[in-house]
**Student:** 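The structure is given below, and queries will be raised subsequently.
In each ligand, atom 1 is the first atom listed, and ligand 1 is the first ligand listed. Along the sequence shown, residues are numbered consecutively beginning with 1.
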Amino acid sequence: MKKSPLPLQNICGNEKKIIGKEALVKLLRWHFGFSDFRGKQLEAIQAVLSGRDCFCLMPTGGGKSMCYQIPALAKPGIVLVVSPLIALMENQVMALKEKGIAAEFLSSTQTSHVKNKIHEDLDSGKPSTRLLYVTPELIATPGFTSKLTRIHARGSLKLIAIDEAHCISTWGHDFRPSYRKLSSMRSCLPDVPILALTATAVPKVQKDVIDSLCLQDPLVLKSSFNRPNIYYEVRYKDLLDDAYADLSFVLKSSGDVCAIIYCLERTTCDVLSAHLSKNGISCAAYHAGLNNKLRSSVLDDWMSSKIQVVVATVAFGMGIDRKDVRIVCHFNVPKSMEAFYQESGRAGRDQLPCRSLLYYGVDDRKKMEFILRSAASKQSESSSSQDRLSKKSISDFNQMVEYCEGSGCRRKKILESFGEQMSASLCKKSCDACKHPNLVAKYLEELLTVCTSHQRNGSSRIFISSSTDMTHGEQFSEFWNHDDEGGTSEEDISDSDDGTEIVRSLAGSKLSRKSGVKDKIEFLQHAEENYYRNKNSDKQVNKLDKNAISETMRESSRQRFLNALKEAQQRLGTLSIEFEASAVFFENQCYKKYGKSGKSFYYSQVASTLRWIKMANSCELTDRLLSVIPAPLENTLPKEEPPKEPSLLLQNHPMKATDVELHSNVGTETTMCSPLQTQKASLSARLPAIPSFSEFVNRKKTKNNNPGMSENQSPHSSKKSSEKRMRLQ
Ligand SMILES: Nc1ncnc2c1ncn2[C@@H]1O[C@H](COP(=O)(O)OP(=O)(O)OP(=O)(O)O)[C@@H](O)[C@H]1O
Ligand SMILES: [Mg+2]
């Protein structure tokens with residue numbers, strides 16, 4: 001229902017003068033029903049109404065939107081709001097319309113009839129629209145720029161508000177190339193004040209935003225980043241029997257509360273959501289792998305409390321305003337403190353007590369380090385700016401690791417990462433480290449023991465050394481950006497299907513290992529059924545396109561194989577294979593087999609091959625790789641001459657067989673099976689096949705049912721399992 005305008009709506013004409021607090025508070029009460037302004041809202045509003053540029057840094061949920069919504073009501077003319085997500089624009093416009101405020105948005109999702117009506121209004125001399133939400137992509141189009149210039153010439157454009165302004169900075173955690181195009185606005189639309197709003201901007205990003213937008217003598221308003229109503233807590237997956245069960249328990253014991261659970265991978269969202277649903281929790285998965293219809297129905301159901309828990313990738317939530325989110329859980333460690341702050345900040349926007357829960361796992365850390373490293377290695381010729389960004393992404397992630405693995409107040413760590421000093425007393429025991437210091441210290445000690453045993457088994461070394469390498473001068477890239485360029489111009493979700501996604505999707509994560517075997521098989525069967533169902537549908541071509549395996553994906557897989565082989569080398573002692581070529585060989589095999597079937601099957605094959613590499617002994621590995629030696633080699637081998645053709649074995653490498661023996665550790669499998677012997681034996685031996693997923697699972701089952709074998713093979717597993725325990729609530 002349309003609300004009658006407050007007589008104050010034109011409290012002043014177009015003249016630039018400070019409007020008194022009283023008049024503005026009246027607007028706030030009349031239109032929004034809030035008794036007073038929060039934090040720096042009033043200062044920001046007064047600044048922009050007086051025609052001054054303003055940079056406004058307020059915490060998540062601090063009420064930044066009000067800083068441009070009130071100005072829209074205080075003066076005639078249009079406030080242009082640049083927003084990164086269509087979902088966010090839709091929500092805000094809907095909420096404003098419900099309050100009787102003339103707000104519109106322009107996006108590709110609207111019908112041309114609706115768009116035409118909005119354009120008609122904008123073209124009229126006296127537009128009724130007060131707030132116009134647009135994407136940065138639209139602003140960049142020449143047609144829209146000239147429309148804005150015309151509106152401005154008529155004196156009808158009173159403010160440009162740039163929401164989530166950190167997206168303009170390559171230093172920010174959510175850099176969006178399209179935001180950079182906003183830098184031309186100052187020259188196209190001089191005199192129109194610009195308001196830049198963000199919740200997360202370290203000093204470097206603040207400066208970058210101010211410079212990029214050419215803000216002139218802006219009023220810089222900074223509020224504390226502290227969110228006193230959020231209780232911060234980390235739970236350690238490696239010390240838990242079952243993180244899924246733990247999370248179920250937390251959610252159930254908290255009552256039927258509203259929650260967001262962030263996962264790194266889409267598959268984890270699906271599997272975890274299914275698990276929670278089975279346990280009676282009302283929830284749904286949300287990620288860019290779902291179609292638009294399903295995504296918006298999940299969003300609607302969650303916004304209207306039909307479901308309470310959303311299990312999502314980072315695609316979910318920027319600017320989504322459900323006030324009563326009581327728990328934000330990160331089921332995998334986030335990539336940076338900025339991302340963590342932004343996402344955990346979606347809890348408790350009603351200022352009531354709420355909880356940030358992070359499940360930290362050593363495997364997750366390694367996976368993230370691997371992703372960072374893969375992204376880095378993708379850049380063969382890096383520019384200095386890419387190099388700079390890559391190093392930054394590593395150090396950003398290290399801050400997150402420190403948050404989880406370090407002792408001391410979590411709140412302090414968050415605030416200090418944004419350059420804010422904090423006294424120890426500020427936390428008031430509102431994080432686990434301050435509330436239960438002894439318990440947290442004990443967990444960290446236990447975690448260290450688990451990590452050390454991982455390392456002793458060789459499983460961590462490759463990652464640890466690679467991450468150390470990375471901080472010492474390799475080339476890196478910012479890989480997680482919501483890069484909306486090159487895709488459809490107004491896609492509302494941007495967790496893209498790039499190479500990183502593949503690495504993320506590869507099986508072998510601790511999470512998927514923790515779900516039951518039956519669940520897993522059901523899940524894969526379901527995926528297979530879906531695949532064949534889709535295959536017959538008339539959308540097949542489109543789907544196959546989406547399912548296509550790109551060169552980037554293939555490169556990620558090769559990298560993954562390379563790391564697995566190096567890890568195998570650490571586990572087994574010196575392995576006499578040529579790593580790069582072997583990695584290419586394994587990847588080629590997967591691609592040959594499943595290249596045409598699409599990426600799901602391809603990933604699955606990559607994953608099972610990786611599992612096989614993890615379990616194989618030296619003989620099996622070298623045998624497997626020998627199979628690709630060209631036929632003529634067979635004749636040359638007995639003479640112990642190096643083959644002419646390039647081959648995968650180190651035999652073709654300058655290193656001699658004797659070198660290998662010298663490097664072998666006594667008692668390792670390498671000494672029992674020298675490269676030469678292996679080659680000879682393998683020519684007559686049958687090659688072991690790489691197991692399928694179900695074979696792998698069944699083999700594992702058999703081993704577990706055979707106590708002798710499991711004892712020999714995994715002396716740590718039973719110990720580790722008995723070491724694990726559910727954490728106290
Ligand atoms: N002065 C106020 N008094 C009470 N509630 C307010 C006030 N201003 C804003 N709010 C409410 O606070 C909530 C958060 O506001 P808003 O969405 O603008 O936050 P934000 O700073 O943009 O957060 P984010 O960074 O997550 O986008 C909204 O529900 C809004 O209605
Ligand atoms: Mg906002």
**Student:** Taking atom 22 (O) of ligand 1 as the point of reference, which of Pro59, Gly62, Ser65 owns the nearest heavy atom?
**Tutor:**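 Shortest heavy-atom distance from atom 22 (O) of ligand 1: Ser65.
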**Student:** Has Gly345 got any heavy atom lying under 4.0 angstrom from an atom of ligand 1?
**Tutor:**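 No; Gly345 lies far enough from ligand 1 that no heavy-atom distance drops under 4.0 Å.
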**Student:** I want to check something: taking the side chain as every heavy atom from C-beta on, are Leu213 and Phe55 in contact at a cut-off of under 4.5 Å?
**Tutor:**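 Leu213 does not reach Phe55 side chain to side chain.
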**Student:** Run through Arg130, Lys115, Lys97 and flag the one making a salt bridge (Lys or Arg N to Asp or Glu O under 4.0 Å) with Glu104.
**Tutor:**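 Running salt bridge (Lys or Arg N to Asp or Glu O under 4.0 Å) over Arg130, Lys115, Lys97 with Glu104 returns exactly one hit, Lys97.
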**Student:** Which one holds for Lys323 and ligand 1: side chain close, backbone close, both close, or neither close, with close meaning a heavy atom under 4.0 Å?
**Tutor:**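 The side chain, only.
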**Student:** Does the plane of the ring in Tyr262 sit parallel, tilted or perpendicular to the ring in Phe316? Use 30° and 60° as the thresholds.
**Tutor:**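 Tilted.
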**Student:** Going by distance only, is there an N or O of Gly63 that falls short of 3.5 Å from an N or O of ligand 1?
**Tutor:**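 Yes, at least one N or O pair falls under 3.5 Å.
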**Student:** Indicate yes or no: does an N/O atom of Thr60 lie under 3.5 Å from an N/O atom of ligand 1?
**Tutor:**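 Looking only at distances, the answer is no, because the N/O contact criterion of under 3.5 Å is not met.
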**Student:** Enumerate the atoms of ligand 1 whose separation from the nearest heavy atom of Met66 is less than 4.0 angstrom.
**Tutor:**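 So the atoms of ligand 1 that pass are 8 (N), 9 (C).
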**Student:** Under 3.5 Å, is there a donor on one side chain and an acceptor on the other for His287 and Asp270?
**Tutor:**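 Yes.
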**Student:** Are Arg235 and Val250 packed together at the side-chain level, in the sense that at least one heavy-atom pair is separated by less than 4.5 angstrom?
**Tutor:**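 Side-chain contact under 4.5 Å: yes.
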**Student:** With a 4.0 Å cut-off on heavy atoms, is Asp36 in contact with ligand 1?
**Tutor:**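 In this structure, Asp36 qualifies as a contact of ligand 1 - some heavy atom is under 4.0 Å.
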**Student:** Using a 4.0 Å heavy-atom threshold (strictly under), name the region of Phe37 that reaches ligand 1: side chain, backbone, both or neither.
**Tutor:**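 Under 4.0 Å from ligand 1, Phe37 contributes backbone atoms alone.
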**Student:** Indicate whether the side chain of Ser83 and that of Asp163 have a donor and an acceptor atom separated by less than 3.5 Å.
**Tutor:**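 Side chains of Ser83 and Asp163: no pair found under 3.5 Å.
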**Student:** Gln351 near ligand 1, heavy-atom distance under 4.0 Å?
**Tutor:**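 Checking ligand 1 against Gln351, which is what was asked, there is no heavy-atom contact under 4.0 Å.
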**Student:** Record the part of Glu164 in heavy-atom contact with ligand 1 below 4.0 Å; permitted values are side chain, backbone, both and neither.
**Tutor:**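 Just the side chain.
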**Student:** Could you go step by step and tell me if Val401 and Val333 meet the side-chain contact (heavy atoms from CB on, under 4.5 Å) rule?
**Tutor:** CA-CA 8 Å; Val401 172; Val333 59; 5.6 Å; no
**Student:** Going through the distances and angles, do Met66 and Phe34 end up as a side-chain contact (heavy atoms from CB on, under 4.5 Å)?
**Tutor:** CA-CA 11 Å; Met66 205 57 80; Phe34 300 133; 3.6 Å; yes
**Student:** Mind checking whether Ser356 and Phe340 have side chains closer than 4.5 Å, heavy atoms only?
**Tutor:**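 Yes, at least one pair of side-chain atoms sits under 4.5 Å.
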**Student:** Using heavy atoms and a threshold below 4.0 Å, how should the contact between Asp350 and ligand 1 be classified: side chain, backbone, both, or neither?
**Tutor:**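 The answer is neither.
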**Student:** Could you check which of Arg346, Arg349, Gln92 puts a non-hydrogen atom nearest to atom 26 (O) of ligand 1?
**Tutor:**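 The option holding the nearest heavy atom is Arg349.
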**Student:** Relative to the heavy atoms of Ala199, which atoms of ligand 1 are at a distance of less than 4.0 Å?
**Tutor:**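 Taking each heavy atom of Ala199 in turn, ligand 1 has 25 (O) under 4.0 Å.
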**Student:** Does Gln41 have a heavy atom less than 4.0 Å from any atom of ligand 1?
**Tutor:**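 Under 4.0 Å: yes for Gln41.
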